[in-house]
Every structure is written in C-alpha cells, then in structure tokens.
Amino acid sequence: MIRAVRAVRVLPLLFLPLLLVSCGTEEARAGADTGTAGADKGTGSSADAADPAELAARAGALGIAPEFVYVTEAPGFAVAQQSVGVFGGDGFHAAYFSQKTHTQFELFVDRGTLTAENCPRTQVGQGSGESVACERDGDAWYRKAGGQHEYAVPRDGHVIRLVGDANRLDRAVLREAAEATHHPDAAELTALLPPAPEGTATEPVERGDLPPAGDGAPNNEVGASG
C-alpha cells in the first residue's frame, strides 16, 4: 500500500542534466517533521493544512493545476527549487537531488491513467524509444525502459511518476519516494512554490464597460470625425 510521509527539504539544484547546468547551494527550512506517516496528516492540527485558496493561487500563477502539486521524501535527497514548475499542459514537475551521491530523481504529475493495457505503450520519463517493461507493485507500477526506470502511481484522473537513472539510482529509492508522495502542507507549500504575484485574480473579473443589452460587446463604431 502506498502511504505518505510529510517532510520535504528544499535546496537549490547542483546538478540537473535535463534542466540546469550549474547552481549554487542554499538549503531552505524543511516544511514538516521527518518520518510522520501519511495516515497522520489528516489527524494533525488544521493549522498545518495548506490553504486551498493559497495553493490554487501559487500553483495557478505557474500554470499548474493545484491538485497536481505533490511533494515527497527520500533519505539524502532534497527538492531543487529551480526545477519546480509546470509539466505539459497543467501538470507538475520537480527534481530531487542528493549532494552526497550526486544522483537525482524527477517527480512528474500529469493527467491520465496507467493500466496493464497501456503501461507497455506509455513512455518512461521523457521517453527513450526503448520497449517498456511493467511490473505491478502494490498500488504502483515499476517500469523500466533503456537506461531509465520509474515508479508510477495512478490516482483519480492523474498519474504520479518518480523517474531516475536505472544505472545510478536504486529501485528502493524510487519506491520509497513513491510511497512518500503527498499534497504539501502549509509549510511545505511555502517552501515549494513562490507567492502568487499581487493582484492575481482568483475569480472572474466583472467588467464595467459592457452594455446591458445586445451581444455584450463594447461599441467600437467610428464617429463622423473618424
């Protein structure tokens, strides 16, 4: 059974071959205590929960659907803030990096589903053109193609994928990260996504220049002097 752990640490990326060349190091404060089981997240103080409106504003400013924002944890790995952003249409992406081993894995969340039928036809990571081997593991799929492997966790209308180099990153690391995925709490959200720009609209703005009748379009007729 895939379960959640609620801690996340944030630091800039040192080595991200797919996204960045080189970055400095600055570790941010972790958002929650390490080792708390996912079942405990719902039993804690409501003050710890991320405000849905805040999540929607921060995610929406980056073009990310708020329900696709996840964090995870694996020993020795921390999320690289520069890697956090939109994936595809409105999906989510973040990379986790280990300073000790200089290895990384990437977290992707996107619309869709994963079944026994389409698993072999769905690319691993960014795709390699290699045939895909699929193995069911609890609620998740372990998948491998070429030099990449991943754990994919189907959820309601979307799939969470943890992807890494099959030659450098142990399967156990990906599995633990898959088990630890969860929506961010308030502190994790603050560390993960930048604040929404001031004036970001969360509801449709009512215009005052539209006529009350007709097709609703402003009158753009040219006058006699025009």
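In this text, all values refer to a predicted model and were calculated from it rather than measured experimentally. Each residue takes its place number in the sequence, starting with 1.
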Which is it for Y151 and R171 under the side-chain hydrogen bond (donor to acceptor under 3.5 Å, both in side chains) test, yes or no, and what are the steps along the way? CA-CA 8 Å; Y151 263 89; R171 172 177 174 174; 2.9 Å; yes
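- Side-chain contact between L193 and V69: present, with at least one pair of heavy atoms (C-beta onward) separated by less than 4.5 Å.
- Here the side chains of V132 and K144 are not in contact, with every heavy-atom distance at 4.5 Å or above.
- Each disulfide (SG to SG under 2.5 Å) pair with one or both residues in residues 133-174, not counting sequence neighbours, appears once here: C119-C134.
- Considering all non-hydrogen atoms of both residues, D165 and G147 come closest at OD1-O, 3.5 Å.
- Here the side chains of V79 and L192 are in contact, with some heavy-atom distance below 4.5 Å.
- At distances below 3.5 Å, at least one donor-acceptor pair connects side-chain atoms of R136 with backbone N or O atoms of G138.
- The salt bridge (charged side-chain N to carboxylate O under 4.0 Å, His left out) analysis of residues 49-65, with sequence neighbours excluded, yields the pairs E54-R58.
- Side chains of D137 and R175 form a contact here, defined as non-hydrogen atoms less than 4.5 Å apart.
- Put simply, CD on E106 and CD on Q148 are 8.0 Å apart, with the number rounded to the nearest 0.5 Å.
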Criterion ring pair (Phe, Tyr, Trp, His ring centres under 6.0 Å) on Y70 and H182, from CA distance to verdict: CA-CA 5 Å; Y70 283 83; H182 61 278; 8.3 Å; no
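- Considering only residues two or more places apart in sequence or on other chains, D90 meets the side-chain hydrogen bond (donor to acceptor under 3.5 Å, both in side chains) condition with R111.
- Counting heavy atoms from C-beta on, the side chains of E150 and L162 never come closer than 4.5 Å.
- A distance of 9.5 Å separates CD in E135 from CH2 in W141, rounded to the nearest 0.5 Å.
- The distance from the OH atom of Y96 to the OG atom of S83 is 8.5 Å, given to the nearest 0.5 Å.
- To the nearest 0.5 Å, atoms NE2 (H183) and CG (L189) are separated by 12.0 Å.
- Between the S98 side chain and the T103 main chain, no donor and acceptor come within less than 3.5 Å of each other.
- Scored by the side chain to side chain contact (heavy atoms under 4.5 Å, CB included) test, A56 finds P66 as partners (sequence neighbours excluded).
- Nearest approach of P184 to A50, heavy atoms of both residues: O-CB, 3.5 Å.
- For the pair D110 and F92, the minimum side-chain heavy-atom distance is 4.5 Å or more.
- Looking at Q81, its side chain does come within 3.5 Å of a backbone N or O of A191 through a donor-acceptor pair.
- Under a 3.5 Å cut-off, the side chain of R168 and the backbone N or O of H102 do form a donor-acceptor pair.
- In this structure, T122 has no side-chain hydrogen bond (donor to acceptor under 3.5 Å, both in side chains) partners at least two apart in sequence or on a different chain.
- Residues L62 and P194 are in side-chain contact: their nearest non-hydrogen atoms beyond the backbone lie under 4.5 Å apart.
- Counting only residues at least two apart or in different chains, disulfide (SG to SG under 2.5 Å) contacts with residues 143-195 are absent.
- Residues in residues 76-85 take part in no salt bridge (charged side-chain N to carboxylate O under 4.0 Å, His left out) pair, two or more places apart or across chains.
- A distance-only check finds no donor-acceptor pair linking the side chain of H158 to the backbone of R155 [under 3.5 Å].
- With sequence neighbours left out, F87 forms a ring-ring contact (aromatic ring centres under 6.0 Å, His included) with F108.
- I64 CD1 to L55 CG: the interatomic distance, rounded to the nearest 0.5 Å, is 9.5 Å.
- The side-chain hydrogen bond (donor to acceptor under 3.5 Å, both in side chains) test applied to E67 returns no partner, not counting sequence neighbours.
- The shortest heavy-atom contact between T181 and T72 is N-OG1, 3.6 Å.
- Judged as a side-chain hydrogen bond (donor to acceptor under 3.5 Å, both in side chains), and not counting sequence neighbours, T113 has no contacts.
- Applying the side chain to side chain contact (heavy atoms under 4.5 Å, CB included) criterion to R121, with sequence neighbours excluded, gives E117, N118.
- Taking V173 as the reference, A74, F77, F105, L169, D170 meet the side chain to side chain contact (heavy atoms under 4.5 Å, CB included) condition, with sequence neighbours excluded.
- Closest approach of A152 to R161, counting heavy atoms only: CB-CG, 3.9 Å.
- Tracing side-chain contacts under 4.5 Å through hydrophobic residues (I, L, V, M, F, W, Y), one reaches V71 starting from V84; they form part of the same cluster.
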Would H149 and Y142 satisfy side-chain hydrogen bond (donor to acceptor under 3.5 Å, both in side chains), going step by step from the backbone distance to the final call? CA-CA 7 Å; H149 63 163; Y142 174 68; 2.8 Å; yes
